[in-house]
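Structure first, then comments.
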Amino acid sequence: MSIVLSQSGYGKSEIRLVKVTRRPDGHDLSDLTVDVGLEGDFDAAYVEGDNTGLLATDTMRNAVYALAKEDPIDNIESFGQRLVEHFLAAGPGVTRARVHIVEHPWDRLQVGGRPHEHAFQRGSGGNRVAIVVGGGGEPTIEAGIDDLLVLKTTDSGWKGFLRDRYTTLPETSDRILATVITARWSYRERDVDFREAWGDVHRTILEAFSDHYSPSVQFTLHHMGEAVLDARPDVARISFSLPNKHHLLYDLGRFGLENENEVFHATDEPFGLIEGTVQRSTGDAQP
């Protein structure tokens with residue numbers, strides 16, 4: 001029986017990049033975490049210990065910083081494409097490059113009612129994500145949101161679910177709904193203003209989360225996805241991962257107090273995890 005190397009790949013992860021663009025009237029700040037992954041003909045390194053055609057992961061890190069200096073980072077999607085092009089050309093055995101970029105938000109400080117030229121505070125509203133993959137043909141681009149924590153104190157329930165002998169959870173028509181949104185979406189076309197599109201999708205998700213009564217996290221997932229596809233014809237599909245961050249009504253009866261849906265115990269684990277993809281019907285999803 002012969003033994004073969006069936007798959008291989010390597011890269012550099014958690015490259016922390018901060019770039020300050022210094023303009024005469026103020027500074028712009030980009031704060032990124034970049035992951036680079038390469039696939040290709042690396043058998044000699046794995047099987048024979050021959051590193052001749054292998055690009056060092058240290059070189060990958062250096063290239064990210066150097067290209068950040070040479071090129072603007074107006075859109076992380078465009079910066080990701082530039083990195084993919086570089087790594088496909090730099091490694092003789094590389095056939096596929098994948099770049100994953102997370103942009104961490106910073107908001108400009110307001111001083112005296114005016115935006116400060118060079119002072120910032122950590123922003124909220126989730127991290128912006130771009131994933132660019134290339135290797136023969138046009139690169140694929142996926143955008144996304146990470147760590148978007150949302151909560152509403154009412155307009156949510158959980159009733160009519162399957163019950164068996166292990167079910168102890170009571171039904172409710174009024175509960176706290178909280179989740180940390182992870183979303184990924186792809187575009188139907190390439191001529192997109194990526195920053196504007198991301199802002200529109202982000203805003204639409206937040207509006208859709210809050211504008212309806214939610215009988216389940218599953219229903220809210222579909223409602224948010226449908227809202228994004230209605231608002232952005234250039235989005236082909238969107239996927240969500242939604243952990244249900246439970247807020248359990250705390251028993252105050254043993255203290256002679258009535259808890260009228262006011263005091264809760266917020267739990268971290270275990271938690272329900274709801275996932276799904278909403279896309280256009282077959283034939284409409286692709287460009």
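Worth knowing before you read on, the calculation uses all heavy atoms, side chains too, and leaves out hydrogens, waters and symmetry mates. Residue numbers start at 1 and run along the sequence shown.
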Any donor-acceptor N/O pair, [X] side chain to [Y] backbone, under 3.5 Å:
X: R98; Y: V84; result: no
X: R61; Y: I15; result: no
X: N75; Y: R195; result: yes
X: R280; Y: V235; result: yes
X: Y187; Y: A197; result: no

Strictly below 4.0 Å, N to O, side chains only: are [X] and [Y] in salt-bridge contact?
X: R82; Y: E77; answer: no
X: R96; Y: E39; answer: yes
X: D234; Y: R188; answer: no
X: D155; Y: K152; answer: no

Ignoring hydrogens, what is the shortest heavy-atom contact between [X] and [Y]? Give both atom names and the distance.
X: T179; Y: K245; value: CA-CG, 3.8 Å
X: D35; Y: S13; value: OD1-CA, 3.3 Å
X: N127; Y: P105; value: OD1-CD, 3.1 Å
X: L151; Y: A178; value: CD1-CB, 3.7 Å
X: I73; Y: L32; value: CG2-CD1, 3.9 Å
X: A97; Y: L38; value: CB-CD2, 3.8 Å

Item to check | Qualifying residue for side-chain hydrogen bond (donor to acceptor under 3.5 Å, both in side chains) with T220, from S156, S214, S210 | outcome: S214

Next on the checklist: So, applying side-chain hydrogen bond (donor to acceptor under 3.5 Å, both in side chains) with H104, which one of D31, D147, T33 is it?
Outcome noted: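 Exactly one pass, corresponding to T33.
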
Next on the checklist: Set out, in order, the CA-CA distance, both residues' side-chain angles and the distance that settles side chain to side chain contact (heavy atoms under 4.5 Å, CB included) for W158 and L169, then state yes or no.
Outcome noted: CA-CA 10 Å; W158 178 241; L169 185 69; 3.6 Å; yes

Between [Y] and [X], is there a side-chain heavy-atom distance shorter than 4.5 Å?
X: D43; Y: D41; answer: yes
X: V94; Y: F42; answer: yes
X: V263; Y: L252; answer: yes

For [X] and [Y], does a side-chain donor sit closer than 3.5 Å to a side-chain acceptor?
X: R184; Y: S239; value: no
X: H246; Y: D268; value: no
X: N62; Y: T59; value: no
X: E275; Y: S241; value: yes

Just checking [X]: does its [atom1] atom have more than 12 heavy atoms from other residues, nucleotides or ligands closer to it than 6.0 angstrom?
X: R165; atom1: CZ; value: no
X: Y46; atom1: OH; value: yes
X: D191; atom1: CG; value: no

Indicate the ring-plane relationship of [X] and [Y], choosing parallel, tilted or perpendicular according to the 30° and 60° boundaries.
X: F219; Y: H212; answer: tilted
X: H118; Y: H27; answer: tilted
X: H202; Y: W198; answer: parallel

Checklist entry - Yes or no on side chain to side chain contact (heavy atoms under 4.5 Å, CB included) for F194 and I76, after CA distance, side-chain angles and deciding distance? => result CA-CA 8 Å; F194 292 113; I76 56 175; over 6 Å; no

Are [Y] and [X] linked, directly or through intermediate hydrophobic residues, by side-chain heavy-atom contacts shorter than 4.5 Å (ILVMFWY only)?
X: V64; Y: L88; result: yes
X: V278; Y: V201; result: yes
X: V20; Y: W106; result: yes
X: L17; Y: I101; result: yes
X: I238; Y: V180; result: no

Item to check | Residue pair D28, R108: steps toward the salt bridge (Lys or Arg N to Asp or Glu O under 4.0 Å) verdict | outcome: CA-CA 9 Å; D28 295 325; R108 199 176 295 277; 3.1 Å; yes

Item to check | Geometric cation-pi criterion, R237 with W185: 6.0 Å, 45° | outcome: no

